[in-house]
Every structure is written in C-alpha cells, then in structure tokens.
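I'd like to ask you about the structure that follows.
This structure is a prediction, so every number in the text was calculated from the model and none was measured.
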Amino acid sequence: MNKEKITVLVIAVIGAFMTFMPWAKIGVLLTVNGTDGDGWFTFLVFAVAIAILFIGDKKAELIVWQKNSIIAVGTINFLLAAFEIINIKSKLAQIEQSKDIFGIGKMMAQAVKIQPALYIIALTALLLVVVVVFKKQIFRNFK
C-alpha cells in the first residue's frame, strides 16, 4: 500500500474504533457508547472507507472514484458527529432552562459530559477529507 492509503486506513480504523468507546458520560457510573445509538452508522461508514482501500491495485494511488468516496465518507461522518455533539448540547441546555422545582433536571444535565471519542470521530472524519484533498502537500516531503 502507498502512503496515502496507509494514512487513510489508520485514520479510518481509529474512527471506527471510537464508535465502541463512550460518547457521553453521566456522572461517575453511567456511560453511553456510540453503539448505543448512531454509532453503528458511523462504524459502517468508516468500514466503507476501509473497504474502498482494498478495491483494485493496493500499491496504486487512489483513483478518482475512491477519492470522491472517501471524501463523502469523511463528510458524512463529520456531519453525523457534529449533529450528535450539537444535539446533546442543545438537549442539555433545554433541561437546564426548564422549570424544575427541585433542580434535579439541572443537576443531571450538569453531570452529563461529552466524551473525547465523539470529538475524535469528528476529527478523524475531517482528517479523511484533508488527507485525500491535500495529498500532494502532505506527502511531498516523504519519499
């Protein structure tokens, strides 16, 4: 495999692995993994990127349809991760602003924390696009 394919493979594997990690944590004991919700979709999309790398000549550079597919995969997963982050934050803001007599909802909302895995999925998805689009600038000094 060439450098570009290896780089895309490593990034996609890291992104796929983050699907199984906690995306949110509630308090000390309860975590919500990506596979408890939309994480299976992100895993599937990263798996498509990995499969694309093994189609055709493994040592050849990515061809146009492979590049476009990986850019689409990265974009889809970035948008999904961004949607999840925004969705969690907006729901927490709604809970904090609700009129809760005892303050339990606000206390629970403050206990919810988005975990790094969700941000890493967004980052790896974005990196897929960057590596494919800016390949020449990234790999020109690596022989």
Side-chain angles (χ1 to χ4, degrees), residues 1-98 100 103-143:
M1 280 190 154
N2 67 21
K3 293 173 208 127
E4 180 186 23
K5 285 185 177 181
I6 291 171
T7 304
V8 169
L9 177 65
V10 169
I11 292 168
V13 167
I14 291 169
F17 179 71
M18 290 298 121
T19 298
F20 300 99
M21 303 304 289
W23 284 14
K25 187 173 184 179
I26 305 167
V28 179
L29 301 175
L30 185 61
T31 60
V32 180
N33 293 335
T35 53
D36 294 339
D38 295 332
W40 285 111
F41 185 72
T42 60
F43 178 78
L44 178 66
V45 176
F46 278 123
V48 167
I50 293 167
I52 288 168
L53 297 174
F54 292 99
I55 296 174
D57 185 9
K58 314 287 182 292
K59 294 183 180 183
E61 292 187 7
L62 292 171
I63 56 178
V64 174
W65 75 266
Q66 289 174 315
K67 289 179 182 182
N68 291 339
S69 299
I70 291 171
I71 290 169
V73 161
T75 303
I76 289 168
N77 268 349
F78 178 78
L79 292 173
L80 185 61
F83 171 78
E84 289 294 332
I85 292 166
I86 292 167
N87 191 29
I88 291 169
K89 288 186 176 194
S90 69
K91 285 183 181 180
L92 293 175
Q94 286 176 350
I95 292 170
E96 285 186 11
Q97 293 173 359
S98 66
D100 183 6
I104 295 171
K106 187 173 184 177
M107 187 173 57
M108 288 296 290
Q110 290 173 347
V112 175
K113 304 288 183 222
I114 297 174
Q115 295 300 291
L118 191 51
Y119 293 110
I120 293 171
I121 286 176
L123 178 64
T124 55
L126 192 59
L127 281 174
L128 285 178
V129 175
V130 168
V131 166
V132 172
V133 171
F134 297 105
K135 173 196 139 195
K136 288 182 182 171
Q137 291 86 346
I138 294 171
F139 295 109
R140 71 175 162 221
N141 294 326
F142 299 102
K143 297 270 176 181

**Report entry** Check: I71 and L128 side chains under 4.5 Å, non-hydrogen atoms
**Finding:** no
Query raised in the report: With T35, which residues qualify under side-chain contact (heavy atoms from CB on, under 4.5 Å), at least two apart?
Result: T19, F20, N33, W40
Query raised in the report: Are the side chain of K89 and the backbone N or O of E84 linked by a donor-acceptor pair below 3.5 Å?
Result: no
Query raised in the report: Are F41 and I76 close enough that some pair of their side-chain heavy atoms sits under 4.5 Å apart?
Result: yes
Report summary line: dist I55:CD1 -> L62:CG (nearest 0.5 Å) comes out at 11.0 Å
Query raised in the report: With sequence neighbours left out, what residues match F54 under side-chain contact (heavy atoms from CB on, under 4.5 Å)?
Result: M1, L9, I50, K58
Query - Euclidean distance, S69 OG relative to I63 CD1, rounded to 0.5 Å - result: 9.0 Å
Report task. Take W23 and I88, measure what side chain to side chain contact (heavy atoms under 4.5 Å, CB included) needs, and give me the verdict at the end. Result -> CA-CA 10 Å; W23 284 14; I88 291 169; 5.7 Å; no
Report task. Taking all heavy atoms of A117 and all of P22, pick out the closest pair and write down the distance. Result -> CB-O, 3.4 Å
Query - CA sep, side-chain torsions, deciding dist, call: I121, F46, side chain to side chain contact (heavy atoms under 4.5 Å, CB included) - result: CA-CA 10 Å; I121 286 176; F46 278 123; 4.1 Å; yes
Query raised in the report: Of all heavy-atom pairs between L118 and I114, which one has the smallest distance, and what is that distance?
Result: CD2-CG2, 4.0 Å
Query - N77 (side chain) donor-acceptor with A125 (main chain) under 3.5 angstrom - result: no
Query - For W65, all residues meeting ring-ring contact (aromatic ring centres under 6.0 Å, His included), sequence neighbours excluded - result: none
Report task. Answer yes or no: is there a donor N or O on one side and an acceptor on the other, between the side chain of Q115 and the main chain of T31, under 3.5 Å? Result -> no
Report summary line: Between M18 and I120, the two heavy atoms sitting closest are CG-CG2, 3.5 Å
Query raised in the report: When rounded to the nearest 0.5 angstrom, what distance separates NZ in K135 from CD in E61?
Result: 3.0 Å
Report summary line: In terms of heavy-atom contacts, K5 and L53 come closest through O-CD1, 3.7 Å
Report summary line: Shortest non-hydrogen pair, G39 vs T42, comes out as O-OG1, 2.7 Å
Requested in this report: For residues V112 and L92, report the shortest heavy-atom separation together with the two atoms involved.
Outcome: CB-CD2, 3.7 Å
